[in-house]
Enquirer: 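Sharing a structure below in structure tokens format, with a few things to ask.
Numbers for residues simply follow the sequence, beginning at 1. Heavy atoms only: backbone and side chains are in, while hydrogens, waters and symmetry mates are out.
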Amino acid sequence: QVQLVESGGGSVQTGGSLRLSCAASEATSSAVCMGWFRQVPGREREGVAVIDSDGNAMTVDSVKGRFTISKDNAKTTLFLQMNSLKPEDTAMYYCARMRGGCRHPGYPFYRLLVELWGQGTQVTVSS
């Protein structure tokens with residue numbers, strides 16, 4: 001059974017950078033779409049970025065130009081490079097394998113189309 005394990009979270013100051021990694025227990029090359037979500041307490045888990053099997057990526061407007069999603073050539077690791085971090089980026093970040101092809105990560109209730117979640121990694125940005 002495929003498992004997703006995130007790492008790379010931590011605490012940074014405003015303007016700092018972090019790189020999240022998501023290691024899959026087997027190649028995710030068969031996955032049509034992989035993505036990153038985030039959640040703060042009391043709010044719904046929301047999509048941040050997705051990438052398809054061809055490497056085409058989409059991000060939500062709130063992180064556009066600051067966050068970049070990518071994956072390694074062996075397609076066993078998914079990344080989220082986060083630059084110019086803001087306090088509002090503070091959240092638990094989750095790696096996800098999507099059911100079916102990629103939709104825009106801002107798609108309503110996109111979290112319902114996730115077929116596999118990682119355990120999450122905390123990102124905290126202080127002002």
Enquirer: Which residue pairs pass the salt bridge (charged side-chain N to carboxylate O under 4.0 Å, His left out) test with at least one member in residues 98-112, sequence neighbours excluded?
Expert: E44-R111

Enquirer: Can you run down the salt bridge (charged side-chain N to carboxylate O under 4.0 Å, His left out) pairs that involve residues 2-19, sequence neighbours left out, and say none if there aren't any?
Expert: none

Enquirer: According to the disulfide (SG to SG under 2.5 Å) rule, which pairs have a member within residues 98-127, sequence neighbours left out?
Expert: C33-C102

Enquirer: Which residue pairs pass the ring-ring contact (aromatic ring centres under 6.0 Å, His included) test with at least one member in residues 1-20, sequence neighbours excluded?
Expert: none

Enquirer: Other members of the hydrophobic cluster containing L112, with the 4.5 Å side-chain heavy-atom rule, please.
Expert: F109

Enquirer: Listed by chain and number, what are the side chain to side chain donor-acceptor pair (under 3.5 Å) partners of E115, not counting sequence neighbours?
Expert: R97

Enquirer: With sequence neighbours left out, write down each residue that passes salt bridge (charged side-chain N to carboxylate O under 4.0 Å, His left out) with E46, or none if nothing qualifies.
Expert: R38

Enquirer: Strictly by salt bridge (charged side-chain N to carboxylate O under 4.0 Å, His left out), give each pair with a member in residues 61-70 just once, sequence neighbours left out.
Expert: R66-D89

Enquirer: Suppose we screen for side chain to side chain donor-acceptor pair (under 3.5 Å). Which residues come up paired with S17, at least two apart in sequence or across chains?
Expert: N83

Enquirer: Which residues, ordered by chain and number, are linked to V40 in its hydrophobic cluster, where ILVMFWY side chains connect at heavy-atom gaps below 4.5 Å, directly or through other members?
Expert: none

Enquirer: What residue pairs, at least two apart or across chains, pass ring-ring contact (aromatic ring centres under 6.0 Å, His included) with a residue in residues 32-51?
Expert: F37-Y110, F37-W117

Enquirer: Looking at residues at least two apart in the chain, or sitting in another chain, which of them share a side chain to side chain contact (heavy atoms under 4.5 Å, CB included) with S126?
Expert: Q13

